[in-house]
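Okay, structure first, notes after.
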Amino acid sequence: MNPFAITTLPLNVEALISYVSSPQAGAINTFIGTVRELTGEKKTIYLKYEAYVPMAEKQLKKIGTEVQEKWPGTRIAIHHRIGSLAISDIAVVIAVSTPHRAASFEACRYAIERIKEIVPIWKKEHWEDGTFWVGNQQETISYEKGEPK
Amino acid sequence: MNPFAITTLPLNVEALISYVSSPQAGAINTFIGTVRELTGEKKTIYLKYEAYVPMAEKQLKKIGTEVQEKWPGTRIAIHHRIGSLAISDIAVVIAVSTPHRAASFEACRYAIERIKEIVPIWKKEHWEDGTFWVGNQQETISYEKGEPK
Amino acid sequence: MISILLFAQLQEEAGCSEVEIEADAVSIADIKTLLQTKYGIGSLLESCFVAVNEEYVEDTVVVKNGDTVAFLPPVSGG
Amino acid sequence: MISILLFAQLQEEAGCSEVEIEADAVSIADIKTLLQTKYGIGSLLESCFVAVNEEYVEDTVVVKNGDTVAFLPPVSGG
């Protein structure tokens with residue numbers, strides 16, 4: 001299995017868990033991002049994810065390297081789905097195994113936060129009353145220039 | 001599915017994930033505790049878990065209630081296996097879904113910490129050179145009397 | 001009758017998992033003394049929690065006829 | 001030749017996902033001007049990150065013949 005993949009296929013949580021499982025692991029943490037129906041009062045019909053695939057896979061791998069440097073002894077896999085997703089579909093799965101439990105939570109949390117910072121994937125909400133590219137019209141968020149840290 | 005169960009059967013991670021999945025959820029965090037081969041220099045051959053089953057199931061349910069009070073809108077399921085477990089076998093699975101990701105990590109972490117405090121389950125290590133009931137010979141840990149908080 | 005349940009190492013020390021005594025209004029302290037003198041349970045008992053009818057209780061509770069008392073070594077699940 | 005990739009809303013604004021220009025040693029600023037004047041891309045461009053050959057770069061980099069330049073709106077994966 002490619003541990004860092006962007007795919008149009010449904011994600012297989014068990015496959016990622018198996019991949020990170022090892023005799024050295026005492027803890028596996030998985031984060032699964034799913035399509036939520038309501039955001040505030042907006043009702044989602046479906047979502048569409050788009051990615052710059054080769055770069056996104058490189059960035060996922062970079063996150064894996066960062067995690068293994070910060071939490072030695074970690075095994076990690078990340079898959080992100082793109083294309084059209086319905087309510088409750090899985091958009092992202094992160095699986096992290098570590099010898100002890102605290103690191104599994106910390107490393108998995110770190111990975112999802114980094115995905116939201118540096119991986120070129122975009123979500124387009126298809127609401128009852130229109131569409132919206134998430135992340136580019138929220139003028140309350142200021143984006144500093146240059147490479148994302 | 002009973003969301004709070006003690007069982008001698010292999011645990012099914014997917015079943016717990018399905019149970020907590022919902023249109024209101026945007027995040028699912030799962031914690032999987034597995035049997036680690038090495039603890040310090042001690043090599044585990046297998047483990048045996050024993051429980052006071054009816055009380056342990058009640059305590060798991062109590063943890064579920066605590067989680068739902070602390071993080072409203074959460075769905076949670078916890079299964080713990082007992083009996084003999086080999087290296088890499090899954091001893092415990094916690095699945096938590098929440099609308100947003102931060103709460104899923106916090107609630108799941110809370111649940112595993114509570115399991116280690118208040119659920120009457122005991123682990124017996126079977127090492128290469130003997131056996132050991134974990135938690136009752138560690139004189140560095142002092143157990144306050146009365147009900148565990 | 002009061003049922004007394006023993007788990008994990010306590011069970012190994014006593015050589016049995018359940019003890020029944022004909023009694024009413026007994027203190028936890030009295031039951032502990034019984035377990036130590038008649039069943040040879042050692043100092044681990046001092047670090048155990050006690051549950052009556054599957055609920056944790058303080059050591060000061062009085063146990064009645066029909067109750068189930070469990071002595072629980074420090075737990076190690078997860 | 002320099003390939004310019006556009007994603008998400010940028011792609012919708014430009015009406016295409018890839019633009020090719022015959023050039024060498026072009027600044028990111030020059031490419032932005034081209035995208036704004038010729039392809040009608042708006043102010044979103046100012047909040048985009050830029051990647052050259054699949055690596056994030058600073059806006060000050062100079063793009064050479066054979067490079068692939070991607071304009072990346074603020075990401076929203078996960």
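Numbered from 1 within each chain, the chains take letters A, B, ... in sequence-line order.
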Measure the CD1-OH distance between B:I118 and C:Y56 for me, rounded to the nearest 0.5 Å. 6.5 Å
Proximal component of B:Q59, with respect to chain C [non-hydrogen, under 4.5 Å]: side chain
Given a strict heavy-atom distance threshold of 4.5 Å, which part of B:I112 is in contact with chain C: side chain, backbone, both, or neither? side chain
Counting heavy atoms not belonging to B:K61, are there more than 12 under 6.0 Å from its NZ? no
So for B:K58, is it side chain, backbone, both, or neither that comes closer than 4.5 Å to the heavy atoms of chain C? side chain
Is any NZ, NE, NH1 or NH2 atom of the basic residue among C:E12 and B:K124 found under 4.0 Å from an Asp or Glu carboxylate oxygen of the other? yes
Would you say that C:V75 contacts B:K123 through its side chain, given a criterion of any heavy-atom pair below 4.5 Å between the two side chains? no
Approximate separation, where rounding is to 0.5 Å, of C:S76 OG and B:L47 CG: 9.5 Å
Rounded to the nearest 0.5 Å, what separates atom OG1 in C:T68 from atom OH in B:Y52? 5.5 Å
Chain C contact via B:A56 - which portion, at a heavy-atom distance below 4.5 Å: neither
Closest approach of C:G78 to B:A91 (non-hydrogen atoms, all atoms of both residues): O-CB, 4.4 Å
N/O donor-acceptor pair under 3.5 Å between B:H80 side chain and C:G77 backbone: no
Does B:W122 use its side chain to pair, donor to acceptor, with the backbone of C:P73 at less than 3.5 Å? yes
Side chains of C:P74 and B:W133: does their closest heavy-atom pair fall under 4.5 Å? no
